[in-house]
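This report concerns only the one structure given below.
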Amino acid sequence: MKSNKFNTRRVAMFSVLTAIGLGLQLLPRPPNVEFTSTITFTAGVVFGSIMGIFLGAFVMFVNSFLSPWGFTGLNMPFQMTGMSIIGIAGGLYSKTIHKGDSRQSYLEVAILGAFLTIIYDIITDLGFATQGVLFTKIPLSDVFISLIITGALFSVLHVASNTLLFTSSIPMAKAIRELLRK
Amino acid sequence: LFAKRTLLFVSLGLTVWGFLASVTAGYYYYLYNDSLTKSQRPIVYVNIGINYGNDTSTKWFNRTTVVSGYTLLDTTMLVATVKYEVFPIGSIIDSINNVTNQGSSAWIWWMYTSYGWFQGQVASDRYIVGDNETYYWHYQNVYAWPPQPPPLP
């Protein structure tokens, strides 16, 4: 019975986290400022890589149809892949999380947030470049480099916002774990 | 001296810094070169096509004369009545010659290159027109992204 209660609690908490992630993703917001990466990473830290992948990919799947910016089209699998990597990273990080100096943990997740955002941006730029190649005769590498260069300021904004937002994953993960323990 | 873990995160941080510094430098280098090329003549000539959708024929304004430094929005306003809204990332076109954005139909601008039509990557008031360049305003369905390019001229 105790085990069932524990599982029910975990499922409920995961569902709430998914709903919050989805709601925030679909709300109108400044371009390239998003909370999905942080929530996906936190889900990975608390529930493990598999659940992190599920949350990230699911939010991006629904987002591709209901996003206020329109249907994301062929970029959907790239966005799902990028977000899944963030979920995996959350799961892996939880296994090596720093127990001692909590300031170090905040610094680590900030750096991880910046790094994972760059990986996500590169993957989604590759998605856009692939679409560009389908409609024009421009070589994939040219479109890809052009997208990375012309979107530089958006990347900087995305990385800066996620560097800050990822630091909230430490207290968020702690709070969720406390709630699950009760 | 340093723990492996510290070195790992320092390396990740340096990778982030290196990437951002490189793409930002690349972006400003691109802007500099583009501005330099486009400011070499006081007067430039551009071609503008406007297509109102529903397979209507394109109205062309060839060899439109503009002053160097004009944006695509400035240039379009010389040949059509344009209504737009200004946002921090640039202006969004509301209507051209009273054909207004509705539902998923909107005005998208394209530029002709040696590879075919290339969709504008910035707002039209952020793009400085170049000599002998060809632009195309297309009123089209943008629900599926990216939108279909116009037919070749």
Side-chain angles (χ1 to χ4, degrees), chain A residues 30-32 64-65 67 69-76 89 93 96-98 104-105 107-119 121-122 125 127-139 142-143 145-160 162-163, chain B residues 3-34 87-90 103-106 108 110-123 126-127 140-152:
Chain A
N32 271 17
S64 72
F65 296 100
S67 166
W69 299 98
F71 179 52
T72 57
L74 293 174
N75 210 26
M76 176 176 69
Y93 183 70
T96 65
I97 204 156
H98 211 271
Q104 189 172 338
S105 299
L107 193 63
E108 284 176 0
V109 289
I111 292 170
L112 265 180
F115 181 73
L116 291 169
T117 306
I118 286 176
I119 300 291
D121 281 355
I122 288 174
D125 277 345
F128 278 118
T130 309
Q131 293 174 58
V133 170
L134 290 178
F135 293 115
T136 63
K137 293 172 188 166
I138 311 175
D142 288 10
V143 185
I145 290 168
S146 155
L147 279 170
I148 285 192
I149 296 294
T150 54
L153 298 187
F154 285 105
S155 275
V156 170
L157 178 67
H158 198 191
V159 170
N162 269 359
T163 303
Chain B
K4 262 188 186 175
R5 188 184 183 91
T6 309
L7 280 177
L8 171 72
F9 280 96
V10 168
S11 309
L12 286 181
L14 286 174
T15 307
V16 169
W17 173 78
F19 178 83
L20 291 182
S22 304
V23 293
T24 309
Y27 175 70
Y28 282 107
Y29 179 73
Y30 158 75
L31 286 187
Y32 168 76
N33 266 345
D34 194 47
F87 292 94
I89 56 166
S104 56
S105 293
I108 298 289
W110 298 81
M111 187 172 78
Y112 192 71
T113 69
S114 54
Y115 296 111
W117 290 110
F118 197 73
Q119 193 197 333
Q121 296 294 303
V122 291
R126 298 290 165 93
Y127 184 83
Q140 58 187 135
N141 191 323
V142 292
Y143 181 70
W145 198 263
Q148 291 283 326
L152 291 174

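Throughout, a chain's letter reflects where its sequence line sits, starting with A, and its residues are numbered from 1. Just the heavy atoms: all of them, side chains too, but no hydrogens, waters or symmetry mates, feed the values below. These figures come from a predicted structure and were not determined experimentally.
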Contact class of B/Y29 relative to chain A, heavy atoms under 4.5 angstrom
neither
A/I145, A/I148, A/L153, A/D121 screened by side-chain contact (heavy atoms from CB on, under 4.5 Å) with B/V23, the one that passes:
A/I148
Hey, is CZ on B/F87 packed in by over 12 heavy atoms from elsewhere, all under 6.0 Å?
yes
Is it the side chain or the backbone of B/Y30 that comes within 4.5 Å of chain A heavy atoms, both, or neither?
side chain
Exercise: identify the closest heavy-atom pair between A/Y93 and B/R5
CE1-NH2, 3.7 Å
At a 4.5 Å cut-off on heavy atoms, which part of A/L147 comes close to chain B: side chain, backbone, both, or neither?
side chain
Spatial distance of atom OG1 (B/T6) from atom CD (A/Q104) [nearest 0.5 Å]:
5.5 Å
Do you know the tightest heavy-atom contact between B/Y27 and A/I149?
CD1-O, 3.2 Å
Looking at every heavy atom in both A/I111 and B/G13, which two are closest together, and how far apart are they?
CG2-N, 3.6 Å
Show your working on side-chain contact (heavy atoms from CB on, under 4.5 Å) between A/F115 and B/T15 and close with a plain yes or no.
CA-CA 8 Å; A/F115 181 73; B/T15 307; 4.1 Å; yes
The interface call for A/V156 against chain B, heavy-atom contacts under 4.5 Å, is both
If we only count heavy atoms from C-beta on, is the A/I122 to B/F19 side-chain gap below 4.5 Å?
yes
Residue, of B/V122, B/L20, B/T113, that accumulates the most heavy atom pairs under 4.5 Å with chain A:
B/L20
With a 4.5 angstrom heavy-atom cut-off, could you sort out which part of A/I118 is near chain B: side chain, backbone, both or neither?
side chain
